[in-house]
Colleague: 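One structure, pasted below without further comment.
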Number of protein chains: 2
Amino acid sequence: MSPLDRSLIANLAIFSPLSPAEQDEVIHEARSVRYPKGAAVFEQDTEATSFFVLLHGSLQVVKLTPSGQQVVVRYVSPGELFGIAVQMGRASYPASALAVVDSVALVWPSSAWPTLLARAPGLAGAALHTVGSRLADAHTRVVEMSTEEVERRVAHALLRLVKQSGRKVETGIQIDFPISRQDVAEMTGTTLHTVSRILSAWEDQGLVEGGRQRIVVRDPHRLFMLAERK
Amino acid sequence: MSPLDRSLIANLAIFSPLSPAEQDEVIHEARSVRYPKGAAVFEQDTEATSFFVLLHGSLQVVKLTPSGQQVVVRYVSPGELFGIAVQMGRASYPASALAVVDSVALVWPSSAWPTLLARAPGLAGAALHTVGSRLADAHTRVVEMSTEEVERRVAHALLRLVKQSGRKVETGIQIDFPISRQDVAEMTGTTLHTVSRILSAWEDQGLVEGGRQRIVVRDPHRLFMLAERK
DNA sequence: ACCGCTCTTTGTCGCACTGCAAACAGATTC
DNA sequence: GAATCTGTTTGCAGTGCGACAAAGAGCGGT
């Protein structure tokens, strides 16, 4: 394992409030791990031994129900802190995190948290912000699922993905990792079939452009209108 | 305003890790406010000037959608920390909190947070735990709404209410505050009508006992079976 | 360049649930 | 105790979406 440099984390929102010396302290406890596409960073209901910051790639966080159904909780983008179950008072991870493309993360042992906090007290606040915005997202989703019909939920999900991981391409904005209709279905609480139908209809209207595990939004504004119109 | 004593907070999970001296410091910044039934503790989208701990009563946290629909996010029980929007990095409250019975809360100005943290660093961790368990709840709800049909969602909602605010009565366990079918509908993402039908059916089977703004669960175990059976 | 796998598309059918409507009942007010 | 208000029950008709089925298409492996 090569020694890590603080430049890796200096620009991340979570660590930028820290002084260079503090950043050195923090990075010193970490190691960098590569996860090939498809690999699990951690798995649901296993002991939460580590917490992480994603450096490169994208992760899908999925929750499996007792009856075997799967729900996509969210996608993790580079720079995000994740896997902080222990810090929230849990012994095990509440979901699994899978690499949807080759990815790299910084890994700290959960036991390092108190030490880090002592050295950099601002971290607690940063973690609280992180969890707070996830809570807001989760509530938004609850509200959407309670009040909106499927088509609008899919529109919102797509817009969120574009915002979080959109990459400009010739014909519009593409979601920057492989994502299947099944995945979108599991994000919006519907079926693969319904998602496929909706995307096909949108494609006919020139709103989006589909492909195998690929979605390009050609007209984000019109999609937004569709998502919000009452 | 009468001076507050640390005995008010000594037994609350959030403050119990603090030393008596720290508890004195914390309580010193607070004031106690009474909210009559129906009053708002704070309102959605207003500036988050305060945070709170509930001492007595029950609050309903509701979110209003742009199209005017309402969703019940959760109920707050005595001892809980709430209204910590600022600490999560928000300027305004993301929802409204209404007293469903006469209630009393401790109120701190948001600006007191840094001072409190300096005096009692354990508070940050406590807040993180609080938000963490809310996040877990929200995710549970997302999963339920994605994968379960209405009847099962209502069963789960009732079980959660009973667990959080159940009071033993002669014929079973009663939810300890007035709650209408409409409220249950807004918790489970369905309509008042469907909830009424479901509860009526359950009443015929001797599972629950209804009444105006009143629900008594007569047989929690059978309700649990109904909620979990695949 | 072929084969086989996974992902996607499209059609048909049925039903759980919603939306509308109207009557009913327990609480509250004067 | 009558009047009124708010919350609850119940019936019925309509439908959005899920369940099932089967064919088509892009991609990776040998």
Side-chain angles (χ1 to χ4, degrees), chain A residues 36-38 60 65 67-72 98 100-102 144-155 157-158 174-175 177-205 207-216 226 230, chain B residues 36-38 60 67-72 98 100-101 144-155 157-158 175 177-205 208-216 226 230:
Chain A
K37 176 174 176 170
Q60 187 189 51
T65 70
S67 59
Q69 296 196 76
Q70 201 171 273
V71 174
V72 174
L98 310 172
V100 292
V101 295
D102 290 354
E144 279 179 13
M145 308 235 339
S146 296
T147 62
E148 294 178 353
E149 65 263 37
V150 173
E151 185 175 21
R152 206 149 327 149
R153 297 208 300 268
V154 174
L158 243 60
Q174 180 170 160
I175 294 167
F177 47 78
I179 183 168
S180 69
R181 322 285 139 151
Q182 177 71 39
D183 293 327
V184 176
E186 288 173 5
M187 294 180 68
T188 51
T190 179
T191 62
L192 139 83
H193 310 273
T194 303
V195 172
S196 179
R197 268 179 253 273
I198 290 173
L199 289 187
S200 294
W202 287 350
E203 187 147 19
D204 292 345
Q205 296 167 43
L207 258 169
V208 303
E209 199 178 295
R212 188 192 177 79
Q213 305 215 91
R214 197 177 59 87
I215 302 174
V216 180
L226 202 156
K230 296 149 194 74
Chain B
K37 176 173 176 171
Q60 187 187 51
S67 60
Q69 298 197 74
Q70 199 171 275
V71 175
V72 174
L98 310 171
V100 291
V101 294
E144 279 178 13
M145 308 233 343
S146 297
T147 63
E148 294 178 354
E149 67 262 38
V150 173
E151 185 175 21
R152 210 154 316 155
R153 297 208 301 269
V154 174
L158 244 59
I175 294 167
F177 47 77
I179 182 168
S180 70
R181 321 284 139 144
Q182 177 71 39
D183 293 328
V184 176
E186 287 173 7
M187 294 180 68
T188 51
T190 180
T191 61
L192 140 84
H193 311 273
T194 303
V195 172
S196 178
R197 270 179 254 273
I198 290 173
L199 289 187
S200 295
W202 287 350
E203 187 147 17
D204 293 344
Q205 297 166 42
V208 303
E209 200 179 294
R212 191 189 174 79
Q213 304 213 94
R214 196 177 60 87
I215 302 174
V216 180
L226 202 158
K230 295 151 192 77

Colleague: Could you state the atom-to-atom distance from CD of A:Gln213 to C1' of D:dC27 in whole Å?
Modeller: 10 Å

Colleague: On the side chain of B:His193, is there an atom forming a donor-acceptor pair with the base of D:dT8 - under 3.5 Å, no angle test?
Modeller: no

Colleague: With a 3.5 Å cut-off and no angle check, do the side chains of B:Thr190 and B:Thr188 form a donor-acceptor pair?
Modeller: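 Checked: B:Thr190/B:Thr188 side chains show no N/O donor-acceptor pair below 3.5 Å.
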
Colleague: Quick one: are A:Val184 and A:Leu192 in side-chain contact, heavy atoms under 4.5 Å?
Modeller: no

Colleague: Looking at the base of D:dT6, is there any donor atom on it, or on the side chain of B:Arg212, that sits under 3.5 Å from an acceptor on the other one?
Modeller: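 Side chain to base: pair found, below 3.5 Å.
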
Colleague: Is any side-chain heavy atom of A:Gln60 less than 4.5 Å from a side-chain heavy atom of A:Asp183?
Modeller: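 SC-SC contact between A:Gln60 and A:Asp183 confirmed.
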
Colleague: Quick one: A:Glu209 CD to C:dT8 C1', roughly how many Å, whole number?
Modeller: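 That distance rounds to 16 Å.
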
Colleague: What is the bend of the helix from C:dA1-D:dT30 to C:dC30-D:dG1 when you compare the axis at one end with the axis at the other, using five pairs each and rounding to 10°?
Modeller: 50°

Colleague: So B:Lys37 and B:Val100, do their side chains get closer than 4.5 Å, heavy atoms only?
Modeller: no

Colleague: For the backbone of A:Ser196 and the side chain of A:Ser200, can you confirm whether one donor and one acceptor N or O come within less than 3.5 Å of each other?
Modeller: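 Here the side-chain-to-backbone pair exists.
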
Colleague: To the nearest angstrom, how far is B:Arg214 atom CZ from C:dG26 atom C1'?
Modeller: 11 Å

Colleague: Reckon A:Ser196 touches a base, only the sugar-phosphate, or nothing at all at heavy-atom distances under 4.0 Å?
Modeller: base

Colleague: Round to a whole Å and report the spacing from CE of A:Met145 to P of D:dG18.
Modeller: 10 Å

Colleague: Can you check the A:Ile198 CD1 to D:dC17 P distance for me, whole Å?
Modeller: 7 Å

Colleague: Can you confirm whether the side chains of B:Glu209 and B:Trp202 place a donor and an acceptor under 3.5 Å from each other?
Modeller: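 On atom types as modelled, these side chains do not qualify, holding no pair under 3.5 Å.
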
Colleague: In whole angstrom, give the distance that lies between atom CD of A:Gln69 and atom P of D:dG18.
Modeller: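 Nearest whole value for this atom pair: 11 Å.
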
Colleague: Side chain of A:Arg197, base of C:dG11: donor and acceptor closer than 3.5 Å?
Modeller: yes

Colleague: Can you check the A:Leu192 CG to C:dT6 P distance for me, whole Å?
Modeller: 14 Å

Colleague: State, with a plain yes or no, whether a side-chain heavy atom of A:Val216 is found less than 4.5 Å away from one of A:Ile175.
Modeller: no

Colleague: Choose from D:dG7, D:dT10, C:dC17 the nucleotide whose nearest atom is closest to any side-chain atom of B:Glu149.
Modeller: C:dC17

Colleague: What is the distance, to the nearest angstrom, from the CG atom on A:Asp204 to the P atom on C:dT8?
Modeller: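 The distance from CG of A:Asp204 to P of C:dT8 comes to 17 Å, rounded to the nearest Å.
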
Colleague: So if I take every side-chain heavy atom of B:Ser200 and compare against C:dT8, D:dT9, D:dG18, which nucleotide ends up nearest?
Modeller: D:dT9

Colleague: Can you pull out the residues from residues 181-191 of chain B that lie within a 4.0 Å heavy-atom distance of DNA chain D?
Modeller: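 Nucleic-acid contacts, sorted: B:Arg181.
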
